[in-house]
Amino acid sequence: MTDSIPYKFDKTHDILDLRQKYEGKIEPGETTEDYVTIAGRLMLSRPQGKIFFGNLTDWTGTVQLFAQENSLTNFRDLTKMSLGDWIGASGYMMRTKKGELSVKLNSFVPLAYTKHGFGDKYKGITDTDLRYRHREVDLWANESTLKVFLARSKVISYIRRYLQDKGFVEVETPILNKIAGGATAKPFVTYHNSLGTDFYLRIAPELYLKRLVVGGFEKVFEIGRVFRNEGLSTRHNPEFTLLELYQAYVDYTDLMVLCENLIYELALMINGTSEVAVGNKLIDLKPPFRRATMEELIFESINERVNVHIPLNELQEIAKKHNVTFDESWMSGKLVLEIYEKTTESDLEGPVFVLDYPKEVSPLARTHRDDELLVERFECIIAGRELGNAFSELNDPKDQLERMTDQARQKKQGDSEAMDVDYDYVRALEHGLPPTGGLGIGIDRLVMLLTGATAIRDVILFPTLKPVEAEFDGDSEN
RNA sequence: GCGCCUCUAGCUCAAUUGGCAGAGCAACGGACUCUUAAUCCGCAGGUUCUGGGUUCAAGUCCCAGGGGGCGCACCA
């Protein structure tokens with residue numbers, strides 16, 4: 001059967017092209033002289049005796065096919081095609097008497113047959129297991145899925161263009177890391193045979209990128225996969241896509257401007273409006289975003305003054321009062337962050353830049369110019385979710401070494417997410433890192449926000465799932 | 001890792017207090033010259049996730065396991 005399938009097929013138009021060119025331009029019942037060739041999947045089929053109607057869908061849209069027995073030699077074959085089969089077709093642009101824009105076929109050729117009749121033609125596929133494990137089915141059976149992933153692709157290319165237009169240069173740094181640095185997270189471990197050594201999959205590209213700034217890359221970014229060996233949820237996948245950018249000579253206030261403008265322009269590009277729907281609320285992403293310190297936001301939420309200058313025992317009392325569980329060994333910085341995350345963060349509708357984090361929990365950020373116990377850092381929160389994280393980068397090698405040493409001590413004491421000392425990185429700082437601002441944005445969560453997806457799995461083509469034993473139930477086996 | 005929910009035909013879903021496992025769509029055969037999830041006629045389609053147990057009788061109740069979802073915890 002597949003012997004008759006051609007090796008190539010030249011189409012003249014995407015279906016969207018046809019819609020843009022002909023929608024509203026042809027009178028009902030009129031057939032034009034304009035000859036087009038299109039290809040896609042036959043998604044609906046309505047043969048009706050000596051005439052035929054069907055819907056052909058490609059990745060840009062759907063158009064109706066119209067055929068008559070006396071003007072299409074293989075008319076009978078067309079009426080026998082199954083839903084989901086791929087076909088290529090040529091014919092004249094027309095509108096039916098009832099007004100539907102259509103292509104009046106005078107030839108068609110099957111391009112592939114689908115052997116599995118899956119997909120309810122009204123409801124599509126709703127089984128989440130099938131949708132995630134066999135995304136190719138989800139993509140063709142559910143129109144909205146393809147749209148989400150096309151939007152994701154647009155977001156990423158737009159970010160590249162946006163940054164390149166501002167003079168940023170894209171680089172690639174190692175995924176196999178001897179030390180998993182640049183964030184606090186549990187890494188995956190793997191092994192290199194001929195070097196005879198373990199490597200970690202990167203948890204962030206941060207340290208390498210700053211080494212490039214030391215080397216002279218004044219504006220640099222990377223968009224890439226990072227890996228964190230932690231739980232799965234609607235907001236977490238073990239591998240996810242991170243944008244990190246570093247710009248010499250700027251501080252975190254400059255990055256707020258860059259961040260809010262980028263998000264705003266992406267919203268306009270994807271949705272044509274700066275408002276995005278989250279649940280049943282509308283959030284406007286028009287800059288400027290609110291800037292507020294962590295202390296201010298906690299106060300608004302629970303009416304308590306919480307900051308790192310308050311004695312530890314008082315902070316512990318506040319935590320208890322608001323049902324925030326903590327470990328007695330925590331120092332005030334970690335406790336302040338915990339109180340913020342448990343009482344305040346998820347209620348922040350935003351968009352808001354949360355400013356000035358405790359130094360203790362930010363080992364790569366530069367000490368705040370006005371407060372020794374804080375760092376110049378912000379997180380961008382929208383709809384209770386952290387989308388971005390940025391700081392004025394710590395560029396003092398001595399300070400960096402002390403903070404990493406402190407982290408390593410915490411790791412030894414059982415904090416599996418604390419960092420190791422990265423001497424190569426400290427040495428890089430000794431070569432001189434100019435004042436630099438760095439920003440990271442979680443691309444998956446950004447795409448969720450822009451497309452209205454409620455689960456990170458809906459914006460990752462092949463999300464991490466528990467493996468199941470492969471069962472082959474196809475009919476190609478015999 | 002813990003708790004709750006869920007799994008029935010290719011897809012979407014039914015099945016009353018435990019009582020013969022069903023429908024729509026798809027597929028297959030046929031009718032039909034303006035349909036829009038076309039309509040009409042016909043035919044076929046099952047290890048009810050798996051394994052135990054209770055019972056005269058289990059899709060349904062119980063136990064164990066597997067997949068998925070949600071929540072918690074960890075985190076971005």
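Each chain gets a letter, A, B and so on, in the order its sequence line appears, and its residues count up from 1.
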Where the side chain of [X] is defined as all heavy atoms beyond and including C-beta, which of [options] is the nearest nucleotide?
X         : options                   : answer
Glu338(A) : rC74(B), rC28(B), rU36(B) : rC74(B)
Gln64(A)  : rA76(B), rA37(B), rU36(B) : rU36(B)
Arg133(A) : rA73(B), rG68(B), rC13(B) : rG68(B)
Ser82(A)  : rA76(B), rC70(B), rA27(B) : rA27(B)
Arg445(A) : rA26(B), rA76(B), rC34(B) : rA76(B)
Phe53(A)  : rC74(B), rC34(B), rG67(B) : rC34(B)

**OP:** Count the heavy atoms of every other residue, nucleotide or ligand shown that sit under 6.0 Å from CD of Glu143(A), and state whether that count exceeds 12.
**Re:** no
To the closest 0.5 Å, what do you measure between [atom1] ([X]) and [atom2] ([Y])?
X         : Y         : atom1 : atom2 : answer
Asp198(A) : Asn177(A) : CG    : CG    : 13.0 Å
Leu465(A) : Tyr132(A) : CG    : OH    : 8.5 Å
Leu18(A)  : Thr62(A)  : CG    : OG1   : 11.5 Å
Leu285(A) : Leu449(A) : CG    : CG    : 5.5 Å

Original post:
Under the 6.0 Å and 45° cation-pi test, does Arg291(A) pair with Phe353(A)?
Top reply: no
Subject >> Row check, Tyr246(A) ring normal vs Lys210(A) NZ/CZ: under 6.0 Å, within 45° >> reply: no
Touch check for [X], heavy atoms < 4.0 angstrom, all strands: base, sugar-phosphate only, or nothing?
X         : answer
Arg131(A) : nothing
Arg235(A) : base
Asp127(A) : sugar-phosphate
Lys466(A) : sugar-phosphate
Gly442(A) : nothing
Thr96(A)  : base
Asn237(A) : base
Glu100(A) : base
Phe240(A) : base
Gly84(A)  : nothing

Does [N] have a Watson-Crick or wobble partner in any strand here, with both distances under 3.5 angstrom, and which is it?
N       : value
rU36(B) : none
rG3(B)  : rC70(B)
rG10(B) : rC25(B)

Check whether any side-chain N or O of [X] sits under 4.0 Å from OP1 or OP2 of [N], and answer yes or no.
X         : N       : value
Lys121(A) : rA26(B) : yes
Lys342(A) : rC74(B) : yes
Thr114(A) : rA27(B) : no

Atom pairs, N/O to N/O, protein against nucleotides 30-33 of chain B, distance under 3.5 Å?
unit_1  : atom_1 : unit_2   : atom_2 : d
rG30(B) : OP2    : Lys80(A) : NZ     : 3.1
rC32(B) : N3     : Gly49(A) : N      : 3.1
rU33(B) : OP2    : Lys50(A) : N      : 3.1

Rounded to the nearest angstrom, tell me the gap between atom [atom1] in [X] and atom [atom2] in [N].
X         : N       : atom1 : atom2 : answer
Lys123(A) : rA23(B) : NZ    : P     : 18 Å
Asp120(A) : rU12(B) : CG    : P     : 7 Å
Asp138(A) : rG68(B) : CG    : P     : 16 Å

Original post:
Can you list the residues that meet the ring-ring contact (aromatic ring centres under 6.0 Å, His included) rule with Tyr92(A), with sequence neighbours excluded?
Top reply: Tyr35(A)
Subject >> Most 5' of Ser45(A) and Gly124(A) on RNA chain B, judged by nearest nucleotide >> reply: Gly124(A)
